[in-house]
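Report on one structure; see the data block that follows.
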Amino acid sequence: MNLAGLQLVGPLSPFITNLTFLRVIDLSRNKLFGQIPHEFGSLSRLRYLNLSDNLVGGEIPTNLNHCWRLIAIDFNRNKLTGRIPVELGSLSRLSRLRLISNSLTGSIPTSLGNLSSLTHFSVWDNELEGNIPEELGQIRNLLVFSIANNKLSGTIPPTLYNLSSMARFSITQNQLSGSLPTDLGVTLPNLIGFYVGGNRFTGPIPISLPNASRLEILGLGDNLFAGSIPMNLGRLRGLRKLELHNNLLGSGGDEDMGFLSSLTNCSLLNTLSLPGNRLIGALPNSIANLSTNLQKFNLGRNHIFGSIPSGIGNLQNLFLLGMHNNFMTGMIPESIGKLNKLQGLSLSYNNFSGEILASISNNTQLSGLSFGGNNLQGIIPSTLKNCQRLSKLYLDHNDLTGEILKQIFSITTLRILDLGANSLVGSLPMEVGNSKSLQLLNVSDNKLSGEIPKSLDNFLSLENLFIEGNFFQGAFSSLSALKGMLRIDISHNNFSGQIPYYLEKLRHLQNLNLSYNDFEGKVPEEGIFKIASAISVTGNKKLCGGSPVLLLSECPSEDGKKQSQHFLKKQMIAILIGSVLCSVLLLLLLYYYCVRKSKKHPHPLSITHPLEEQLMKISYGDLCKATDGFSSANLIGVGSYGLVYKGYLDHIMKIVAVKVLNLQRQGASKSFIVECKALRNIRHRNLLKVLTICSSIDFKGDDFKALVFDYMANGNLEQWLHPGMDEQDQPKNLNLIQRLNIVVDVGSALNYLHTCCEKPIVHCDLKPSNILLDDDMNALVGDFGLARFLSKATSNVSQNDTNSLGIKGTIGYVAPEYGIGNEVSTVGDIYSYGILFLEIFTGKKPTDEIFTGSLSLHQFAKLALPERVMEIVDQNLLSAEVEGLNESQTHTNAKGKLEKCLISTITVGVACSAISMKDRMDIEDATVEMQRIRDLYLGVGINDTNN
């Protein structure tokens with residue numbers, strides 16, 4: 001019975017089973033529904049049953065095992081539910097079992113291992129759970145094994161690797177783990193396709209793979225494979241697809257790209273997918289000799305540097321080229337213009353310079369062009385109008401100048417146009433309305449001016465409009481017809497007049513930012529204006545009314561305007577008189593205070609021991625005894641101006657840390673005075689507490705100065721982040737919560753020093769070795785030897801401190817503006833905090849050897865945001881957290897929560913370490929934000945436990 005593809009509709013009839021001599025039933029590619037009749041089990045002569053591509057539901061009948069002559073069962077692409085019947089394991093003649101794309105649940109029955117004749121087993125795209133049964137390794141003739149897109153876990157049974165006949169092995173998109181055997185290519189020599197992507201496999205790629213000489217497709221993407229990519233893959237002459245994306249591949253050296261040269265032997269190669277790894281190095285010139293059949297070449301999201309070899313133009317059949325999110329430099333080679341089949345080109349977020357090639361327009365098949373996040377200059381070439389299939393154009397975050405060319409809007413297929421963060425001038429062309437397919441328009445942070453064209457109303461598909469940070473003016477009334485808008489940001493412009501009431505009728509609108517314009521009058525109250533978190537009208541001083549959630553003043557009535565103006569005049573007069581009286585009183589108090597202070601403290605800095613009056617007395621002999629004669633066995637640290645010893649003071653019965661100044665070193669005495677002065681009046685839980693000082697003479701009659709602190713049992717942060725050779729036997733690792741606590745603690749200490757002291761104090765030497773950790777792993781900031789005092793009135797260095805110490809610090813942590821002569825400031829500390837912050841979470845010092853040229857720790861982290869943050873995070877942190885997550889029943893949710901936390905955290909670190917002083921995040925805001933991130937990760941105050 002062959003009724004395939006006849007568009008039959010209706011339930012499967014059980015009366016088919018009256019045809020008791022049926023050997024073949026093929027009802028595939030119809031619209032049959034209902035359940036598989038139980039009566040099918042009575043067809044004892046049946047050999048082939050194909051119900052694929054229908055709408056059949058329900059469970060697979062358990063009595064199909066009565067059809068003992070069955071050779072093939074094909075139930076693909078239906079709506080079957082329930083378990084795979086264990087009874088199928090008794091069909092000894094079955095050679096093909098295919099149950100693809102259904103909703104089957106439960107585990108794979110171990111009884112299927114009895115199917116000694118089975119050659120094809122395909123159950124991919126179901127909801128199967130549990131482990132892969134070891135018994136399947138008994139099926140010696142298995143050619144195709146496909147269990148992809150399920151929820152299987154555990155490891156691959158070693159017995160499956162012994163099925164030497166296996167040709168296609170597909171287990172992608174499950175939750176399997178473990179590593180691949182080193183002899184994989186030897187045990188499975190007949191492999192044609194090997195797919196294990198989308199799991200949690202670890203370890204290296206087996207170097208034995210070339211022994212499977214028939215291999216055409218190698219899919220290892222979306223796992224945790226690590227180490228080098230084998231250099232012998234070029235022996236796979238028939239290789240067509242190599243997919244290694246989203247792993248941890250890379251040796252950490254600059255020779256990672258050498259394997260590309262071996263692939264020049266693979267003349268059939270058409271897909272080379274390597275994004276989302278840790279490959280380091282420059283592209284070899286040999287890529288010009290890769291297969292001319294190559295269609296997809298993706299190296300994005302790695303650590304590749306250097307320029308693009310000009311020989312890239314030899315790959316004439318490329319239709320996708322991705323090198324985004326790397327550290328590549330130089331100019332975009334002209335030869336890319338020769339790739340006339342190119343459909344997608346992404347070079348975004350590198351350091352490419354020069355102008356956008358006019359020859360790019362030769363690639364008339366282009367549908368996606370992404371050059372954002374580089375250093376490209378010049379104008380946008382008008383020849384882009386030739387790319388009439390272009391749907392996505394990203395030129396954001398460059399140094400482009402000139403006007404937005406109207407020719408761009410002649411591309412009717414354009415859906416996304418991102419020109420944000422450049423230096424474009426002029427107005428938005430009237431022709432903008434020609435691109436009626438546009439869904440996103442971003443021209444934010446440029447120098448555009450004029451009014452918004454009315455032709456914007458033609459954008460019936462527009463969902464996202466970002467024009468903030470320009471000089472646009474006039475009324476904003478051009479979007480009344482656009483009912484599908486999701487996000488609108490027109491902040492930081494010069495728009496005026498009333499807020500258009502049509503905005504409250506955009507029922508799909510999710511976010512509206514109107515802040516920092518010149519809008520006036522009453523704010524609408526309906527629609528999105530009811531949701532405080534979705535709207536911002538900050539900085540529009542003439543607005544009133546609106547929803548109560550906006551907390552604006554009430555709008556005055558027309559009758560009350562004159563009374564309001566009269567009242568306002570009286571109020572202004574009262575304020576003026578009060579201000580004069582307060583100023584006189586303040587001046588008198590200030591004079592009185594200064595006179596008294598000058599009498600009591602004629603020389604406020606000429607003190608020898610600023611802490612003597614408030615601390616206990618201690619002698620040189622006491623400290624000598626406490627440290628066993630300053631024994632080297634008790635030496636626990638070496639500072640800029642002296643040594644730190646561990647000691648025990650008998651009379652207070654306490655272990656202490658004694659910082660002994662080396663007075664032979666220039667600046668040590670001044671450092672002692674500065675540190676004493678800084679510690680005299682500061683009290684905070686995250687600042688290292690001084691117990692006492694000693695300013696005396698030693699047994700030789702020489703001057704002796706020392707500071708005595710609480711002993712910190714867990715040492716300093718440097719020892720935890722970068723343990724020395726002598727600490728390797730006692731490995732240290734900070735978990736995520738500990739690292740979050742440390743940055744919150746240090747931020748709290750800095751905020752106190754900058755805002756809560758009588759004179760703001762700048763630490764000037766924030767680094768891991770100056771962050772101490774107590775018994776409970778609380779972080780305390782220490783070493784104030786380079787601290788500076790600011791005048792509150794001017795936020796500059798106090799006059800008394802100007803020449804006391806030169807601007808010093810530690811290379812890598814010193815704010816860049818200090819290098820060009822800028823005065824010390826609190827934002828300099830914030831920069832050091834940001835660098836320290838990034839070091840805590842990436843595990844890399846700012847002086848790491850990979851940071852050369854324009855690449856710094858700040859830039860390294862910034863380029864990783866947001867997609868690549870998990871790649872740059874300290875692997876000691878990540879491995880510990882992921883190991884903990886693997887034990888969780890909600891691994892997927894927990895891993896997503898971890899990634900979200902780390903992205904938010906790195907974002908704060910990047911904001912604090914911004915090169916420009918004005919761009920740095922305020923220390924109080926940073927501390928509050930980190931407390932929020934930590935609490936959110938811990939679930940503090942969160943009712944929904946699934947978040």
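For the numbers below, each heavy atom of this structure counts, side chains included, while hydrogens, waters and symmetry mates do not. What you are looking at is a predicted structure, and each value in this text was computed from that prediction instead of being measured.
Of all non-hydrogen atoms in Lys767 and Thr810, the two that sit nearest each other are NZ-OG1, 2.9 Å.
Aromatic ring orientation, Phe841 versus Phe837: tilted (interplanar angle from 30° to 60°).
Checked against the 6.0 Å centroid criterion, the rings of His492 and Tyr516 qualify as a close aromatic pair. Ring pair Phe371/Phe352: centre-to-centre distance not below 6.0 Å.
By the 4.5 Å heavy-atom criterion applied to side chains, Leu734 and Leu721 are counted as neighbours. Between His763 and Asn770 the shortest side-chain heavy-atom distance falls below 4.5 Å.
Looking only at atom types and distance, the side chain of Asn464 has a donor-acceptor partner in the side chain of Arg487 under 3.5 Å away. Side-chain atoms of Tyr831 and Glu817 include no donor-acceptor pair closer than 3.5 Å. Side-chain atoms of His303 and Glu871 include no donor-acceptor pair closer than 3.5 Å.
Atom CD1 in Ile280 sits 8.5 Å away from atom CZ in Phe327 (nearest 0.5 Å).
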Between Leu780 and Leu687, is a side chain to side chain contact (heavy atoms under 4.5 Å, CB included) present by the stated rule, with each step listed?
CA-CA 5 Å; Leu780 294 90; Leu687 294 176; over 6 Å; no
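Crowding of Glu924 atom CD: a count of heavy atoms from other residues, nucleotides or ligands under 6.0 Å not exceeding 12.
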